[in-house]
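Working notes for the structure below.
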Amino acid sequence: MALFDPKGARAETRQVAGKSVAVLLAPRLVRRGFLHDVFYGLKSLLTGMRVTLPYGLTTSRIVTRQYPENRGTLKMYERYRARLTFIRDGQGRHTCTGCRNCEKACPNGSIIIETAKGAVTGKNEVQRFIWRFDACTFCNLCVYTCPFDALEMKGDFEHAVFDRRLLVYNLNSYAGPHASLWDKVEDEEQRKTLATKISPYDGKVPLAGTSMAGCPARAHGEGGAS
Amino acid sequence: MGLKIIDDFPGVAMKVPGGSVMLGVMDAVINWARANSLWPLSFGTSCCAIEMLMATGAPHQDMARFGAEVARPSPRQADLLVVAGTIVKRMAPTLRTLYEQMAEPRYVMATGACAISGGPFIYNNYSVVRGADEIIPVDVYVPGCPPRPEAFFYALLTLQRMIRSGDSLKSRHVHKRPVMSALPAGITVADIQEELRDLLERDSAVDVEKEAAAGPWAGKGYC
Amino acid sequence: MEANELQEVVLAFASGAKVREKTDRPSLTVPAASLPDLLAKLKADERLSFDMLLDHTAVDWLERGVLELFYQLFSTRHGHTLTVSAEVPREEPVAPSVSGVHLIAEWQEREVYDMFGVLYEGHPDLRRLLLDDSWVGHPLRKDYRDDHMIERPK
Amino acid sequence: MSVFSPAAVIAAPQVFEVKTLASRAATALPGSLLESALYVLLAVVWIVALLALTGLALIYLERKIAGHFQCRLGPMRVGPHGIFQTVADTIKLLVKEDFVPDGADKVLHVVAPFLALTATILLLVILPLSPILQAADMNIGVVYVTAISGFGVMGILLGGWSSNNKWSMIGAMRAGAQIISYEISATLALLVVVLFAGTLRLSGIVQSQADGWWIWRAHGVGVVAFVIYVIASTAEINRTPFDIPEGESELAAGFHTEYSGIRFAFFFLAEFINMFLVAGFAATFFWGGWMPFHVGGLDGFNSVMDLVPAGAWFAAKTSALVFLVMWFRWTFPRLRVDQMMRLEWKILLPVGFVNLFAAALVVLYGLYFFPGT
Amino acid sequence: MFDYFLILVFTGVAAAMVGVVLLIARVIAPRGWSRSKGRPYECGVGTIGPTWIRFNVGYYLFALLFLVFDVEAAFLYPWALVFREVGLTGLIEVGIFVLVLIVGLAYAWRKGALEWV
Amino acid sequence: MTVQAYTLDDLVKRLDPQATEGASQQYFLNLGPQHPAAHGVLRVMLFLDGETVVRAIPVLGYIHRGIEKMGESLSTRQFIHLTDRLDYLSALMNNWAVARTVEKAAGIEVSPRAEWIRTIMAELQRLQSHLLWLGVLGMDLGAFTPFLWGFRDREELTYIFEETIGARLTMNYVLPGGVMSDIHPEFAARVKKYVAYIRPKIAEYEALLSGNVILEERLRNIGRLSAEDAVSIGATGPVLRASGVALDLRKASPYGAYDKLEFQVPVGTVGDSWDRYWVRFEEMRQSIAMIEQLLGGIPEGPHMSVKPAVKVKLPEGVHYGQLETARGILGVFIAAAGGSDVPYRIHLRSPTFNNLWSVTRLAPGWRIADLVAILTTLDLVIPDIER
């Protein structure tokens with residue numbers, strides 16, 4: 001018998017914490033004399049070598065997924081959370097009303113929302129939906145609590161940057177109302193003024209809690225006026 | 001620091017006919033070698049270490065493909081310091097020491113929210129340092145919590161691009177960064193911050209948009 | 001043993017003990033000075049055999065000006081649990097160490113000292129556990145503030 | 001029982017004429033100094049090329065084979081299938097900061113990797129790759145191999161000691177104890193071969209195996225000696241499962257913790273070339289070196305075997321042994337330092353002695369398979 | 001004799017190789033210095049006490065044992081070389097010699113000298 | 001005041017004033033915070049004689065993140081995402097522990113389907129955690145191949161998590177009232193496939209590691225923790241069970257769907273490293289068996305009983321909940337002032353905190369290599385210890 005006996009575990013019942021529990025007792029490794037041990041020791045080593053040999057000689061067991069070569073075929077699972085985005089309809093309109101539920105739900109203050117009364121709609125409109133990619137933990141609570149299905153998590157992951165400040169930006173591409181309000185505005189002229197286009201790095205990003213408080217949002221140069 | 005001739009070396013070589021070509025080739029070769037042989041320091045503090053140093057080396061991802069599987073336990077032999085995980089105040093001097101003990105040239109990658117900004121531990125927290133760049137200069141930031149292994153590879157490619165575009169012979173410290181003075185005993189994180197703020201300003205000279213647009217992995221703009 | 005029954009048995013043991021209200025398991029409040037003695041008795045008693053100190057922590061009741069120490073006891077033999085609590089004043093928090101009864105109390109008490117500043121009498125090696133030796137203050141106290149901490153903007 | 005006759009054993013179907021570079025240079029000497037110098041230069045170029053190419057190839061192979069053992073690919077992106085990976089690594093290490101810690105013994109710290117590499121080069125010089133691809137061939141070859149491979153420990157010992165680092169220090173201490181211990185077993189195993197071959201000259205040992213390799217010609221004695229030699233030499237070159245002087249998970253990087261850049265590369269290179277040397281010497285001593293697979297008496301079969309050039313035989317045998325050593329590494333856990341000592345002093349050493357006596361009896365009574373035609 | 005000359009040559013070659021490579025590294029490789037950099041690496045924290053101390057004697061015991069056995073192995077080489085000439089007599093003589101050593105090994109074993117520290 | 005607090009320097013001086021001057025044969029050595037065997041940033045200050053450990057002093061705090069302080073300003077639902085980052089290898093079970101305590105305190109009913117999902121996810125994660133441990137054990141003992149094999153098999157599990165939960169490591173999946181999302185339609189089929197895949201792999205590990213004479217030599221009789229000591233230090237999980245105390249909350253006070261499952265509790269005999277190794281190894285098999293049983297019957301029903309908009313308010317008082325994670329009992333202590341979903345004080349009793357303490361008792365007398373074996377069989381996750 002070898003030193004380690006895979007079937008050497010003993011089953012029994014024990015009284016623990018006021019309950020009887022079915023336990024499995026670990027097999028003990030016993031020494032049985034010099035020659036026996038040397039022989040079975042050698043045998044165990046050869047067993048290990050037999051296990052690894054097929055791996056060393058064949059290529060069929062290789063499981064590597066070659067990123068970036070496989071980039072064309074690489075699909076993330078649809079639920080995979082790696083980046084927060086707005087859900088947009090075909091015309092690029094979002095459904096965020098600026099209700100701040102996500103801001104409140106966020107455990108670490110990664111979401112900062114600036115809102116204003118819309119001139120046309122008179123409703124609360126999101127001006128800037130600032131997301132701190134550098135601090136987000138992708139806990140999904142913002143998406144989970146959003147009552148308007150305005151947010152989703154996307155699975156793209158290629159976001160490495162040279163400057164940390166590039167990781168704080170606006171999610172909304174326009175400052176303006178919720179998608180359904182667009183259709184209610186009939187006047188063409190009013191529709192044009194309904195929304196103002198903003199770029200991801202427009203405006204000062206309030207990086208509260210970092211050593212770079214109030215630094216410009218742009219990578220180089222001045223921060224845009226908000 | 002160093003012999004006179006060594007500091008003047010590129011200039012001396014320039015006088016040789018065709019010297020600049022030779023230098024250019026040498027530069028390219030050295031940068032190629034450095035970019036393709038990034039040995040990471042086996043350093044990780046928390047969750048990100050599992051993804052960034054272990055899962056990336058694991059069969060499904062295999063960072064050996066990039067020649068980066070030679071994780072060195074000693075900072076002397078490592079090229080890449082992957083700050084994987086939260087850095088707390090008590091760890092800060094250690095991180096600084098490790099960085100300083102690495103042999104030149106050395107590169108730093110901050111992976112995950114904690115290493116970039118303190119992540120979930122920014123507010124109401126007495127212990128977590130808000131970003132590794134308060135302690136050491138960081139070359140590449142990889143957002144995620146933790147980022148997935150492929151994100152690490154993307155960051156590695158980004159770093160490789162940075163190294164390739166460097167001028168390794170003329171600026172012997174990659175990035176033109178001064179070697180920062182040692183961390184004397186009793187210094188606080190606040191003391192380092194001052195120094196680092198300057199460094200970060202200089203860092204922003206890297207043209208990120210150009211970098212992002214140049215490569216085959218471009219076109220991944222936000223929103 | 002049922003929760004009520006358990007409480008009865010334990011109450012007989014401890015002098016000056018009261019049942020602590022608003023808890024979800026059998027709980028007692030005892031004078032801090034009697035802690036080591038009580039825990040030793042609870043451990044030795046056959047019916048109770050509280051041999052495992054599962055957890056020890058403190059709560060800083062700022063308004064009442066006390067630190068309440070909690071000891072979560074567990075019996076690996078009977079499977080029942082007991083919470084023992086004791087109060088020490090915030091200003092001069094001194095409690096006897098139970099590290100002689102349960103080995104792990106050595107570290108748990110160091111952690112509580114570190115976080116709340118409770119000094120344990122008779123502790124073999126009372127050092128800070130998680131923070132640097134040069135740290136000023138005890139962060140889990142409700143009135144703890146330092147320059148590093150920032151409030152989340154509302 | 002016929003008394004053993006060396007002449008009979010060495011008589012083989014095809015006589016391989018050994019012409020080392022040193023002997024060519026020596027023959028040319030009285031007449032043409034230039035020719036002699038040319039041969040010396042050739043030897044230098046040959047050995048340096050061998051060192052560099054084997055080093056690069058072996059490190060690449062190791063990383064690839066490790067990859068395959070671990071279900072992954074290994075280097076892929078530098079050149080096709082990553083074949084230039086080690087080139088990139090070498091250049092990088094060459095232009096990486098070469099660093100001596102403040103508190104270190106500066107001279108020894110610089111000299112140590114040099115010692116390690118010198119020992120390796122000096123061993124390469126006498127490795128018989130084929131009848132003509134051998135730089136030198138001394139009449140005390142076996143003793144030389146033993147002596148120089150023991151010399152390699154000096155580099156590790158000094159490197160670890162001079163670093164002024166406790167991890168290095170422990171690594172050096174372990175290395176010293178380990179390598180000198182296993183030296184004895186390796187020597188005992190080699191003595192068996194010397195007994196069989198009746199010569200210390202490496203080319204002589206290879207030629208003595210013209211009727212068959214010592215590993216199978218001597219009723220198991222050769223096998224035991226071979227196993228002892230492989231284990232002991234694996235330990236001598238600090239390969240897993242005997243990599244305790246640099247055991248990463250225990251001693252950080254062990255004796256080379258404080259080494260960076262090119263001097264670290266020297267240790268690295270020396271380690272890999274040593275692996276090649278161990279495989280090469282094991283092949284030479286036990287598997288007939290460059291000698292084709294011969295069976296005493298079967299001349300027809302032997303001459304077919306001779307069609308494959310001698311160098312190819314050596315390459316094949318050495319590769320197989322290198323793979324074996326790598327296979328060990330990617331299969332076994334590391335031994336603990338005391339267990340390793342126990343293995344040496346309580347198992348290998350007694351077995352080695354017994355085996356030596358058995359070998360003496362085999363030789364005394366000529367109990368070989370195919371004792372010569 | 002030429003073989004030995006070649007060894008000498010290669011000692012020189014090794015030295016030259018190392019020298020050249022070190023020079024290249026010195027010329028091209030970047031260098032930096034800071035206070036922490038020169039300190040010994042001990043997992044990122046300061047070391048306590050000096051490194052060069054009186055080390056546990058266990059390590060040196062094996063060096064002594066090695067000396068005994070390796071010198072003996074050196075004696076065995078000539079015997080192995082001329083074994084066919086000295087034959088059985090030689091075997092017995094060497095047997096006695098080795099036996100003394102084996103007795104020594106057994107003694108060391110019993111005494112626990114082979115137990116690591 | 002009579003009570004005196006010390007510092008680390010005091011301790012060093014008290015231990016051996018001569019060692020700091022090199023006048024002694026004994027010396028100090030820091031294993032960690034950056035060391036391959038430190039499993040992160042554990043620092044064990046070793047007082048050595050040659051290679052033999054005279055005293056091991058764990059120095060903590062290199063990843064102390066002040067989570068408990070943060071918990072005083074976060075609602076429990078928000079706090080749960082921080083528990084992912086404690087013992088990140090059993091993130092889901094940490095979520096569950098807090099969620100369960102809150103549910104118990106606030107009196108929330110959880111649907112059988114949610115409980116079922118939690119249980120199977122917990123078992124998958126226990127398997128994942130143990131696979132990683134097995135790999136790391138291999139690496140710590142110098143065998144690199146098992147390390148990567150462990151990660152290979154773990155990665156397949158990670159894909160299952162990615163598909164259903166959307167995260168690989170820090171999941172934030174279990175919330176008070178249920179789980180964040182229902183299982184993916186492919187889930188059951190995938191798990192079934194995985195179970196078929198992992199069985200032969202486990203046999204391979206057994207041949208490669210369990211039977212290996214070197215591994216056996218490295219583990220047998222090293223670092224014996226007696227049952228009495230184990231209980232006294234409050235060790236739980238596989239560490240306690242290896243010492244012979246079959247305490248497993250899944251049996252002792254079943255939660256989730258565990259009362260419907262049949263499984264055995266692997267128990268050691270003497271509490272050495274080998275027993276700890278074997279217990280965890282066997283637990284993987286038991287987990288697989290449990291997963292198979294769970295696949296049999298998926299109850300129908302909602303996966304969440306609390307609406308996202310609802311604040312889960314905690315009633316005033318002290319609440320304590322506990323749960324068996326991959327490393328032992330995780331206790332959640334919540335003191336609530338009442339009327340709010342933010343606890344007044346939240347404290348987590350992490351299993352590895354207690355388990356680590358045993359190092360001070362186990363290490364002396366053994367060598368550095370054995371210390372590594374002891375540390376790795378204790379299966380430490382340092383952020384869990386320091387919170």
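Below, chains carry the letters A, B, ... as their sequence lines are ordered, and counting in each starts from 1.
Comparing Thr199(D), Val194(D), Val142(D) by how many heavy-atom pairs each has under 4.5 Å with chain E, the most go to Val194(D). Note: Asp137(D) leads Leu117(D), Leu361(D), Asp137(D), Ile126(D) in heavy-atom pairs under 4.5 Å with chain E. Of the listed residues (Leu94(D), Asn164(D), Val110(D), Val100(D)), the greatest number of heavy-atom pairs within a distance under 4.5 Å of chain E belongs to Asn164(D). Across Ala43(D), Ser181(D), Gly261(D), the residue that shares the most heavy-atom pairs under 4.5 angstrom with chain E is Ala43(D). Ranked by heavy-atom pairs under 4.5 Å with chain E, the first of Leu124(D), Thr120(D), Val143(D) is Val143(D). Contact tally against chain E (heavy-atom pairs below 4.5 Å) for Asp98(D), Leu191(D), Ile262(D), Thr118(D): the top residue is Leu191(D).
At a 4.5 Å heavy-atom cutoff, the contact between Lys96(D) and chain E is made by backbone atoms alone. Looking at Ala15(E), the atoms closer than 4.5 Å to chain D (heavy atoms on both sides) sit in the backbone and in the side chain alike. The contact between Ile180(D) and chain E is made by backbone and side chain atoms together, counting heavy-atom distances below 4.5 Å. Interface remark: Ser162(D) contributes backbone atoms only to the contact with chain E (heavy atom separation under 4.5 Å). Contact of Val44(D) with chain E is made through backbone and side chain together, with heavy-atom distances under 4.5 Å. When heavy atoms are compared at a cutoff of 4.5 Å, Leu101(E) does not approach chain D at all. With a 4.5 angstrom heavy-atom cutoff, Arg336(D) does not touch chain E via any of its atoms.
Nearest heavy-atom pair, Val40(D) versus Val9(E), reported as atom, atom and distance to 0.1 Å: CG1-CG1, 4.1 Å. Of all heavy-atom pairs spanning Glu258(D) and Arg39(E), the tightest one is OE2-O, 4.4 Å. In terms of heavy atoms, Leu76(E) sits closest to Leu356(D) at CD1-CD2, 3.8 Å. Across all non-hydrogen atoms, the minimal contact from Pro350(D) to Trp109(E) is CG-CZ3, 4.2 Å.
Considering only heavy atoms from C-beta on, Tyr41(E) stays 4.5 Å or farther from Pro101(D) through its side chain. Counting only heavy atoms from C-beta outward, the side chains of Trp79(E) and Leu195(D) approach each other to under 4.5 Å. Residues Val13(E) and Ile47(D) have side chains not in contact (no heavy-atom distance under 4.5 Å, counting atoms from C-beta outward).
In this structure, Leu122(D) CG and Ile7(E) CD1 are separated by 6.0 Å, a value rounded to the nearest 0.5 Å. The line from CG of Leu51(D) to CE of Met17(E) is 4.5 Å long, rounded to the nearest 0.5 Å. Put simply, CD1 on Ile91(D) and CD1 on Ile24(E) are 11.0 Å apart, with the number rounded to the nearest 0.5 Å. Rounding to the nearest 0.5 Å places CG of Leu105(E) at 7.0 Å from CZ of Phe353(D). Considering OH of Tyr77(E) and OG1 of Thr187(D), their distance stands at 5.0 Å, rounded to 0.5 Å. Distance check, rounded to the nearest 0.5 Å: CD1 of Ile140(D) to CG of Leu81(E) gives 11.0 Å.
The environment of CZ in Phe97(E) is crowded: more than 12 heavy-atom neighbours from other residues, nucleotides or ligands sit within 6.0 Å.
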